[in-house]
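Data block below; observations after.
Hydrogens, waters and symmetry mates play no part in the numbers below; they use all other heavy atoms, side chains included.
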Amino acid sequence: MAPKPYIFLIIALLFIFLPLTTSIHFKLPAIFNFGDSNSDTGELVAAGVYSLEPPYGRSYFTKPSGRYCDGRLIIDFLLEAMDLPFLNAYLDSIGRTSFRKGCNFAAAGSTIEPPTARAVSPFSFRVQVAQFIRFKLQVLRLIAKGKKLHKYLPDEDYFQNGLYIFDIGQNDLAGAFYSKTFDQILALIPSILTEFETGIKTLYDQGARNFWVHNTGPLGCLAQNVAKFGTDPSSLDELGCVSKHNQAAKVFNLQLHTLCKKLQGQYADSNFTYVDIYTIKWNLIANYSKFGFEQPIMVCCGYGGPPLNYDSRIGCGKTEVLNGTTMTAKACSDSSEYVNWDGIHYSEAANQYVSSQILTGKYSDPPFSDKMPFLLGLKF
């Protein structure tokens, strides 16, 4: 008989209070990022799988930048704080693209598990790791030929001394709710994390030593999930979020945290930093007015009006015929008042808040607040 999913909770709790032993440093030559739309800086768009139209990008880039946001993402704010340039997407090779300070393999819609036939993105975590291996091989071949491309490519030692960031798993959980029961989803989590562990070990074998792992946020507070799974008021919590989605995220995060501790024990020459994104985002939604927001769940760029302003039939910036009438999902006048941008992704203002909290160091294991080598220029 297969073990009950709750057994994994008990096992995780045995390890969760044991702190990770080492802390990441921030004098980093390069960043290599893996993930989904939370950190995609143009991968899925460059692949030709999807297109983004205005008003995406309007708050910072003034036009769509390949990011599923009105402006910058958490990864952008982190890089700014580290005095590093924004990451170019792996597939975005047109123009004066530079990978000197790293590369972004994250693609919107990506999962840890191999993609299904209905998947939005073919770039699962395994594929992203394979892309990294090819990227590294090509870089080493090119720099061995001479210094002509030196200013566009990372040095060989950047692959060992750089920081590897991971923000993935949200789509594995969110997608599972469309076809599986709650207990089935919990039972699926260990296999998801086994796949993640395999990818981490592959990167370690490739020389990676600094690992920065984001847990997943409160999925039940995204308007997309509230609209689909929150029609019964009894399924919602005190904040108006879908309870079971958030419960699944907590179980996933608990086991992810345990995995990070396990990997730190196995690889003593490495640094694993686990970042509690869930708590940061939950605090933002629960105390949104305290941080200058007016809407914690309702969408800025959507269609349908209050309470969610979200309709799955028409995405942000798109025009569709609904019930015989042509409709456009338009953006609100001030996205900085909204936590949620388009029903799935956070606004730039919310991303800035989340980033500022990450960089306090107190939501990380191990914490790093006493080792911050830079000052933050954020308003929070």
(request) For the pair F229 and Y178, evaluate ring-ring contact (aromatic ring centres under 6.0 Å, His included) and give the outcome as yes or no after the intermediate values. (result) CA-CA 9 Å; F229 300 98; Y178 286 85; 5.1 Å; yes

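- At a threshold of 4.0 Å, the pair R313-E320 does not count as salt-bridged, since none of the basic side-chain nitrogens sits closer than that to a carboxylate oxygen.
- Taking the six-membered ring where tryptophan is involved, the planes of F272 and Y267 are essentially parallel, since the angle between them stays under 30° and well short of 60°.
- Under the 4.5 Å side-chain criterion, counting only non-hydrogen atoms from C-beta, S191 is in contact with E113.
- Put simply, the side chain of E43 does not reach to within 4.5 Å of the side chain of D92, judged on heavy atoms.
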(request) Verify side-chain hydrogen bond (donor to acceptor under 3.5 Å, both in side chains) between T325 and N323, making sure each step is shown before the conclusion. (result) CA-CA 6 Å; T325 304; N323 301 320; over 6 Å; no

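- With a 4.5 Å cut-off on side-chain heavy atoms, Y152 and L149 count as touching.
- Between K262 and E197, at least one side-chain nitrogen of the basic residue sits less than 4.0 Å from a carboxylate oxygen of the acidic one, meeting the salt-bridge criterion.
- More than 12 heavy atoms of other residues, nucleotides or ligands lie within 6.0 Å of CG in D269, so this atom counts as buried by the packing criterion.
- The shortest side-chain heavy-atom distance between T202 and I133 falls under the 4.5 Å cut-off.
- A side-chain donor-acceptor contact under 3.5 Å links T194 to the backbone of P190.
- Inter-residue side-chain proximity for I200 and F211 is flagged as met; some heavy-atom pair is nearer than 4.5 Å.
- Both tests pass for R209 against the ring of Y204: distance under 6.0 Å to the centre and angle within 45° of the axis.
- A cation-pi arrangement is present between K281 and Y346 under the rule of less than 6.0 angstrom and at most 45 degrees off the ring axis.
- Annotation for K318: atom NZ counts as buried by contact number, over 12 foreign heavy atoms lying within 6.0 Å.
- Ring centroids of F159 and F32 are separated by less than 6.0 Å, placing the two rings close together.
- In summary, the side chains of D167 and S39 do not present any donor paired with an acceptor at a separation below 3.5 Å, with no hydrogens or angles considered.
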(request) Go through F196 and F166 one step at a time and tell me if the ring-ring contact (aromatic ring centres under 6.0 Å, His included) criterion holds. (result) CA-CA 10 Å; F196 182 70; F166 308 88; 5.8 Å; yes

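- Looking at S234 and D232, their side chains do bring a donor and an acceptor atom within 3.5 Å of each other.
- Across the pair C332 and C301, the gap between the SG atoms, which is the quantity tested here, reaches or exceeds 2.5 Å.
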(message) I'd like to know whether Q295 forms a side-chain hydrogen bond (donor to acceptor under 3.5 Å, both in side chains) with N340, so could you lay out the CA-CA distance, the side-chain angles of the two residues, the decisive distance to 0.1 Å, and finally the verdict.
(response) CA-CA 8 Å; Q295 297 293 341; N340 197 294; over 6 Å; no

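- The two atoms that bring L79 and I31 nearest to each other are CD2-CG1, 3.3 Å, heavy atoms only.
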(request) Tell me, with the steps shown, if N88 and T97 meet side-chain hydrogen bond (donor to acceptor under 3.5 Å, both in side chains). (result) CA-CA 7 Å; N88 287 312; T97 303; 5.0 Å; no

(request) With salt bridge (charged side-chain N to carboxylate O under 4.0 Å, His left out) as the test, would you mind laying out the steps for D40 and R67 before giving the verdict? (result) CA-CA 6 Å; D40 182 354; R67 292 162 173 79; over 6 Å; no

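- Shortest non-hydrogen contact noted between S347 and F293 is OG-CE2, 4.3 Å.
- Under 3.5 Å, the side chains of N215 and H257 contain no donor-acceptor pair of N or O atoms.
- Y56 is listed as a side-chain neighbour of C316, based on a closest heavy-atom distance under 4.5 Å.
- Using a 30° and 60° split on the angle between ring planes, F132 and Y164 fall in the perpendicular class, above 60°.
- Side-chain contact check for R134 and Q131: no donor-acceptor pair (N or O, by modelled atom type) lies under 3.5 Å.
- The environment of E53 atom CD is dense: over 12 non-hydrogen atoms of other residues, nucleotides or ligands sit within 6.0 angstrom.
- Under the 30°/60° scheme for interplanar angles, the aromatic rings of H345 and Y68 are found to be tilted.
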